[in-house]
Protein chains: 2
Amino acid sequence: MKTEHLHQLIWMSRPLMQAAEACVEAGLVGTDLTVRMRAVLEMLDKYGEQTVPEIAARLEIKRQYVQIMCNETRESGFIEQRANPRHKRSPIMALTDRGRTVIKDIISREMTLMEEVGGDLSDEDIATALRVVRAVTDSLKQEAGETE
Amino acid sequence: MKTEHLHQLIWMSRPLMQAAEACVEAGLVGTDLTVRMRAVLEMLDKYGEQTVPEIAARLEIKRQYVQIMCNETRESGFIEQRANPRHKRSPIMALTDRGRTVIKDIISREMTLMEEVGGDLSDEDIATALRVVRAVTDSLKQEAGETE
DNA sequence: GTCAATATGACAAGTATAATGTCATTATGA
DNA sequence: TCATAATGACATTATACTTGTCATATTGAC
């Protein structure tokens with residue numbers, strides 16, 4: 001039974017992700033943000049100003065693509081470059097005021113959505129789900145890592 | 001707190017899915033299956049023989065792409081067509097013996113992996129996680145649906 | 001039975017989200 | 001100092017789809 005539930009849980013990850021992405025996308029309508037720009041802004045908002053390779057490491061996608069994402073985001077005026085004292089070739093990406101306002105607003109609206117989505121689920125159950133999903137993800141990552 | 005946990009849970013969906021996909025892919029090495037062929041076989045194994053449009057509906061992807069998936073799977077000898085009495089233009093896809101053996105074996109190996117991944121998590125917690133994830137997915141789908 | 005609406009397979013093209021490869025330049029660190 | 005690594009920029013390729021179109025076959029309402 002346990003393995004069966006686990007299998008089902010894991011195969012829910014795709015529908016969950018797709019539903020989540022659809023909501024995120026819907027939430028961006030009206031702003032001039034794209035989903036990938038939002039991802040950049042979220043990293044800067046959450047972990048502070050940082051370089052492109054640092055963002056790439058956090059998002060676990062290749063730096064070359066994050067570079068594109070960041071360039072776009074910068075062209076749209078949501079982030080700006082600052083000199084990096086620790087690494088002259090790699091400027092630090094920082095939120096502009098506009099970027100900060102936008103991402104705070106988006107996250108805030110997403111949190112409002114979370115309240116609706118939370119519905120009748122208890123905080124305890126959600127916390128349990130989070131803990132399980134994290135453990136399973138870590139475990140799967142390790143399994144896959146060993147195989148390669 | 002609840003909304004915060006929920007937000008985190010939802011944003012775990014991508015890492016979870018990616019880790020899961022990596023494991024599934026690793027499990028297919030040695031078989032002549034691809035991930036998308038595996039998906040076709042799983043649907044046939046789980047829900048019985050059915051037409052391409054039916055599989056597409058279950059996978060929630062466009063029938064044109066499922067057609068490609070099924071054609072590949074058929075060319076590789078894992079499924080075969082049978083006449084469809086209910087719809088002459090649309091043959092029923094059915095597992096061949098080889099296909100049945102392969103998918104049973106894959107699923108069985110995945111279940112073994114589930115035992116390892118389950119680790120010290122209780123069945124109760126996993127069941128809770130599954131219930132929460134399903135509820136959240138349904139809720140998000142509805143939200144996104146209303147917006148579009 | 002007729003006939004408009006629909007379903008299906010086949011095929012072509014496009015799109016989003018990346019990965020991969022390469023290069024010149026610059027830092028870094030032993 | 002000098003080999004090695006890091007970075008941005010750019011080009012190519014890959015994957016997993018979606019969208020659009022067409023001819024034909026099928027269905028269902030009347």
Side-chain angles (χ1 to χ4, degrees), chain A residues 11 13-15 17-26 28-29 33-40 42-43 49-75 79-94 144 148, chain B residues 11 13-15 17-22 24-26 28-29 33-40 42-43 49-75 79-93 144 148:
Chain A
W11 286 95
S13 64
R14 171 182 288 267
M17 204 199 73
Q18 286 175 338
E21 279 190 351
C23 281
V24 167
E25 225 174 312
L28 295 181
V29 171
L33 278 179
T34 62
V35 176
R36 56 207 215 188
M37 291 193 218
R38 183 206 165 283
V40 169
E42 191 184 16
M43 288 303 107
E49 47 183 44
Q50 50 194 305
T51 65
V52 167
E54 280 170 333
I55 299 172
R58 287 221 165 80
L59 293 175
E60 294 185 76
I61 53 187
K62 301 293 170 191
R63 66 181 178 81
Q64 288 91 332
Y65 189 53
V66 175
Q67 187 76 50
I68 291 168
M69 294 163 67
C70 286
N71 289 351
E72 274 180 16
T73 312
R74 191 159 57 88
E75 281 159 21
I79 62 175
E80 61 187 6
Q81 294 185 344
R82 306 228 173 116
N84 183 358
R86 305 176 55 183
H87 213 284
K88 289 183 189 170
R89 283 258 339 236
S90 196
I92 291 172
M93 307 314 220
E148 69 182 340
Chain B
W11 286 96
S13 65
R14 170 183 289 268
M17 204 199 74
Q18 285 175 339
E21 279 192 352
V24 167
E25 225 175 312
L28 295 180
V29 170
L33 278 179
T34 61
V35 175
R36 56 208 216 187
M37 290 193 219
R38 182 204 164 285
V40 170
E42 193 185 15
M43 289 303 106
E49 49 183 43
Q50 51 195 301
T51 64
V52 167
E54 279 170 334
I55 299 172
R58 286 222 164 79
L59 293 175
E60 294 185 76
I61 53 187
K62 300 294 168 189
R63 67 181 177 83
Q64 287 91 332
Y65 188 53
V66 174
Q67 187 76 50
I68 291 168
M69 293 163 68
C70 285
N71 289 351
E72 274 179 17
T73 313
R74 191 159 57 89
E75 281 160 21
I79 62 175
E80 61 189 7
Q81 294 185 345
R82 305 227 175 117
N84 183 358
R86 304 177 55 185
H87 211 283
K88 288 183 188 170
R89 283 260 337 240
S90 196
I92 290 173
M93 307 313 225
E148 70 179 342

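Chain naming here is simple, since letters A, B, ... match the order of the sequence lines and numbering starts at 1 in each.
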CG-CD distance between B:L33 and B:E72, expressed to the nearest 0.5 angstrom: 11.0 Å
Distance-only, no hydrogens or angles: does the B:Q50 side chain make a donor-acceptor pair with backbone N or O of B:M43 under 3.5 Å? yes
Atom CD1 in B:I61, atom CZ in B:R36: separation rounded to 0.5 Å? 9.5 Å
In the structure I gave you, are the side-chain heavy atoms of B:E21 and A:R14 within less than 4.5 Å of one another anywhere? yes
Specify the separation, in whole Å, of atom CD of A:Q18 and atom C1' of C:dT17. 14 Å
Using a strict 4.0 Å threshold on nitrogen-to-oxygen distance, state whether B:E42 and B:R38 make a salt bridge. yes
Quick one: how far along DNA chain D does chain B reach, first to last nucleotide 5' to 3', anything under 4.0 Å to a heavy atom? D:dA16 to D:dT27
Within a strict 4.5 Å, meaning less than it, do heavy atoms of the A:M69 and A:L59 side chains meet? yes
Closest-nucleotide ordering on DNA chain D, the 5'-leading residue of B:P85 and B:E21: B:E21
Treating primed atoms plus P, OP1 and OP2 as sugar-phosphate and everything else as base, which nucleotides of nucleotides 6-16 of chain C get B, S or - for protein heavy atoms under 4.0 Å? -BBBBB-----
Measure the CD1-CD1 distance between B:I92 and B:I79 for me, rounded to the nearest 0.5 Å. 12.0 Å
Once rounded to the nearest 0.5 Å, what's the spacing between atom CD1 of B:I68 and atom NZ of B:K62? 14.0 Å
